[in-house]
Q: 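The structure follows.
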Protein chains: 2
Amino acid sequence: MAESERGPRERMVFSAAQLIRREGVGATGMREVAAHAEAPRGSLQHYFPGGKEQLVNEAVGWAGRYAGKRVARFLAALAEPTPSGLFAEMVRQWTDEYRTEGFAGGCPVAAATVDCAESSTSTREAAATAFATWTGPVAEALRDMGVPGERAGALATLMISALEGAILISRAEQDTRALTTVARELGPLLDAATHTTG
Amino acid sequence: MAESERGPRERMVFSAAQLIRREGVGATGMREVAAHAEAPRGSLQHYFPGGKEQLVNEAVGWAGRYAGKRVARFLAALAEPTPSGLFAEMVRQWTDEYRTEGFAGGCPVAAATVDCAESSTSTREAAATAFATWTGPVAEALRDMGVPGERAGALATLMISALEGAILISRAEQDTRALTTVARELGPLLDAATHTTG
DNA sequence: TGCCGACTATGACCGCGGTCATAGTAGCCG
DNA sequence: CGGCTACTATGACCGCGGTCATAGTCGGCA
């Protein structure tokens with residue numbers, strides 16, 4: 001999450017995602033995004049003529065692609081890839097962050113869904129796309145591990161659902177308990193799916 | 001969710017929860033709450049001298065107690081109580097709402113967490129309390145069904161995590177798929193916990 | 001040199017919304 | 001009746017923030 005030297009436009013999208021996941025969409029100001037990205041304020045209307053909605057949508061899209069790409073790295077980190085191992089890595093990304101940086105941020109896609117699902121169709125769609133962009137690689141990884149086709153998608157949805165919910169609870173409680181709990185409880189179920197014929 | 005004839009104060013708290021779960025905390029105005037509750041605007045500062053923060057906190061607390069009480073009703077609706085049956089009822093409350101009323105609202109506690117966890121300590125704590133108020137009865141119900149003590153709490157957290165995440169995804173996708181998926185995939189795991197000694 | 005496009009810079013506008021101040025009403029009690 | 005308490009009513013204040021308008025810089029290219 002620390003790719004620093006990109007163009008100002010990309011930095012603004014990145015910063016928007018960072019701020020949104022901390023404060024929510026409503027509480028994140030355009031000027032604030034520019035300042036955080038160390039980008040000129042005037043660039044906002046130049047790069048994002050669609051205004052805040054466009055910026056938010058791109059931030060959500062960025063987050064979805066980021067999450068999707070992470071899956072490959074998680075797999076690479078596993079000596080022997082298993083569903084529970086993948087899920088443990090997904091959870092660990094959050095427990096690590098919370099332990100080292102505090103419970104400041106949540107998932108930007110969740111924030112956008114909560115704040116914009118009803119008010120902005122385009123942002124809601126961006127969130128749905130982001131979830132799909134994230135679920136896809138997870139499901140594919142499960143399939144590669146021997147999980148039957150249809151169940152792979154279902155289990156990927158379950159994994160991401162449990163993760164998102166646990167992020168919420170952990171943030172509220174300022175305790176990683178919920179995250180570690182879902183990893184522990186869901187692991188056996190996920191691994192069992194590789195043995196079942198489906 | 002339709003208890004109409006209470007005092008104006010209670011109606012405002014109820015309305016706040018309704019609006020928050022649709023639009024998020026930031027986009028919900030005080031005047032809007034009063035209007036929705038058909039309560040006089042002047043009553044806001046009278047009943048909630050602590051301002052918006054107090055109102056939001058009470059709305060979150062109300063939502064937590066509401067969710068906790070629902071558990072008993074879900075159990076009563078089950079001929080033979082099982083963990084998977086309880087979870088299915090919890091999920092069904094949402095799928096029913098989404099099918100009949102559209103995907104307008106999410107969980108108010110989730111909304112408050114996303115929007116206020118970083119900016120307001122008291123609201124974050126209210127959210128944590130709400131999650132606890134909700135998890136408690138679920139865990140107790142699991143214990144009554146024969147789930148061993150420590151696992152009951154863990155599974156309750158898992159159930160609520162998965163439910164919250166699936167609510168998010170379903171809202172974004174405007175499709176109850178995620179909700180029905182987690183109910184289906186998690187059911188067997190929950191029921192299996194009643195047989196295991198632990 | 002002079003034009004042009006891309007990007008930057010800033011101030012102004014304007015609505016929204018939380019809060020405060022101040023006053024009004026209604027009912028009860030003494 | 002006077003006064004007290006609970007509640008209601010409204011207008012004003014004021015900062016925030018998204019957007020717009022307008023102008024400035026800067027590099028390349030002919």
Side-chain angles (χ1 to χ4, degrees), chain A residues 5-60 108 111-112 114-116 118-124 126, chain B residues 5-60 108 111-112 114-116 118-124 126:
Chain A
E5 294 313 323
R6 300 299 179 96
R9 203 198 122 100
E10 193 168 347
R11 285 207 315 274
M12 282 190 277
V13 172
F14 175 78
S15 290
Q18 296 288 347
L19 293 171
I20 287 169
R21 84 196 198 91
R22 282 172 173 72
E23 309 282 347
V25 173
T28 297
M30 298 284 275
R31 293 165 172 82
E32 195 186 355
V33 171
H36 183 273
E38 293 180 86
R41 203 188 108 203
S43 300
L44 279 170
Q45 65 180 295
H46 183 255
Y47 289 117
F48 308 97
K52 188 176 187 177
E53 190 170 4
Q54 181 187 356
L55 178 57
V56 170
N57 293 355
E58 296 203 21
V60 169
V114 162
D115 284 340
C116 309
E118 186 63 6
S119 57
S120 161
T121 302
S122 70
T123 303
R124 185 193 56 70
Chain B
E5 294 313 322
R6 301 299 180 97
R9 204 198 122 100
E10 193 169 348
R11 285 208 315 275
M12 283 190 278
V13 172
F14 175 78
S15 289
Q18 295 289 347
L19 294 171
I20 286 169
R21 83 195 198 91
R22 282 172 172 74
E23 309 282 348
V25 173
T28 297
M30 299 284 276
R31 292 164 172 82
E32 193 187 357
V33 171
H36 184 272
E38 294 180 84
R41 201 189 109 201
S43 301
L44 279 169
Q45 65 180 295
H46 182 255
Y47 290 117
F48 308 97
K52 187 175 188 177
E53 189 170 4
Q54 180 187 356
L55 178 57
V56 171
N57 292 355
E58 295 204 20
V60 169
V114 162
D115 283 342
C116 309
E118 187 62 6
S119 57
S120 161
T121 302
S122 70
T123 304
R124 184 192 57 69

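What you see is a predicted model, and the numbers here were worked out from it, not measured in a lab. The analysis underlying the following values was restricted to heavy atoms, covering all of them including side chains, and did not include hydrogens, waters or symmetry mates. Per chain, numbering begins at 1; letters A, B, ... match sequence-line order.
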Q: Pull out every protein N or O sitting under 3.5 Å from an N or O of nucleotides 5-7 of chain C, one pair per line with the distance.
A:
from, atom 1, to, atom 2, distance (Å)
dC7(C), OP2, H46(A), NE2, 3.4

Q: Check nucleotides 17-20 of chain D against the protein and report each pair of N or O atoms closer than 3.5 Å, with its distance, or say if there are none.
A:
from, atom 1, to, atom 2, distance (Å)
dG18(D), OP1, T28(A), O, 3.2
dG18(D), OP1, K52(A), NZ, 3.0
dG18(D), OP2, M30(A), N, 2.5
dG18(D), N7, R31(A), NH1, 2.5
dG18(D), N7, R31(A), NH2, 3.4
dG18(D), O6, R31(A), NH2, 3.0
dT19(D), OP2, K52(A), N, 3.1
dT19(D), O4, R31(A), NH2, 3.2

Q: Would you call R22(A) and Q18(A) a side-chain contact if the rule is heavy atoms closer than 4.5 Å?
A: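 A side-chain contact exists here, since the closest heavy-atom pair is under 4.5 Å.
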
Q: Please list, chain by chain and in numerical order, all residues satisfying side-chain hydrogen bond (donor to acceptor under 3.5 Å, both in side chains) with R124(A), sequence neighbours excluded.
A: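 Listed in chain order: nothing, the list is empty.
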
Q: Do the non-hydrogen side-chain atoms of V33(A) and K52(A) ever get within less than 4.5 Å of each other?
A: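 SC-SC contact between V33(A) and K52(A) ruled out.
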
Q: Do you know which two heavy atoms are closest between A59(A) and A16(A), and how far apart they sit?
A: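 Scanning both residues completely, I find the closest heavy atoms to be CB-CB, 3.9 Å.
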
Q: Excluding sequence neighbours, so at least two apart, what forms side-chain hydrogen bond (donor to acceptor under 3.5 Å, both in side chains) with E58(B)?
A: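 For E58(B) the side-chain hydrogen bond (donor to acceptor under 3.5 Å, both in side chains) partners, ignoring immediate neighbours, are R9(B), Q54(B).
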
Q: Does E38(B) have any side-chain contact (heavy atoms from CB on, under 4.5 Å) partners at least two apart in sequence or in another chain, and if so, which?
A: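 Listed in chain order: nothing, the list is empty.
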
Q: Is there a side-chain contact between V13(B) and Y47(B), using heavy atoms and a 4.5 Å cut-off?
A: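 The answer is no; the side chains never approach within 4.5 Å.
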
Q: In chain order, what residues pass the side-chain contact (heavy atoms from CB on, under 4.5 Å) check against R31(A), with sequence neighbours excluded?
A: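 Once residues adjacent in sequence are excluded, the partners of R31(A) under the side-chain contact (heavy atoms from CB on, under 4.5 Å) criterion are R41(A).
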
Q: Send over the distance from E23(A) CD to dC16(D) P, rounded to a whole Å.
A: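 The answer, rounded to whole Å, is 15 Å.
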
Q: With E53(B), which residues qualify under side-chain contact (heavy atoms from CB on, under 4.5 Å), at least two apart?
A: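 Once residues adjacent in sequence are excluded, the partners of E53(B) under the side-chain contact (heavy atoms from CB on, under 4.5 Å) criterion are N57(B), S120(B), S122(B), T123(B).
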
Q: If an axis is fit to five pairs at each end of the helix from dT1(C)-dA30(D) to dG30(C)-dC1(D), what is the angle between the two, to the nearest 10°?
A: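 The two end axes of the helix from dT1(C)-dA30(D) to dG30(C)-dC1(D) meet at 20°.
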
Q: Check side-chain contact (heavy atoms from CB on, under 4.5 Å) between A27(A) and all other residues, then give those that pass, not counting sequence neighbours.
A: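 For A27(A) the side-chain contact (heavy atoms from CB on, under 4.5 Å) partners, ignoring immediate neighbours, are E23(A).
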
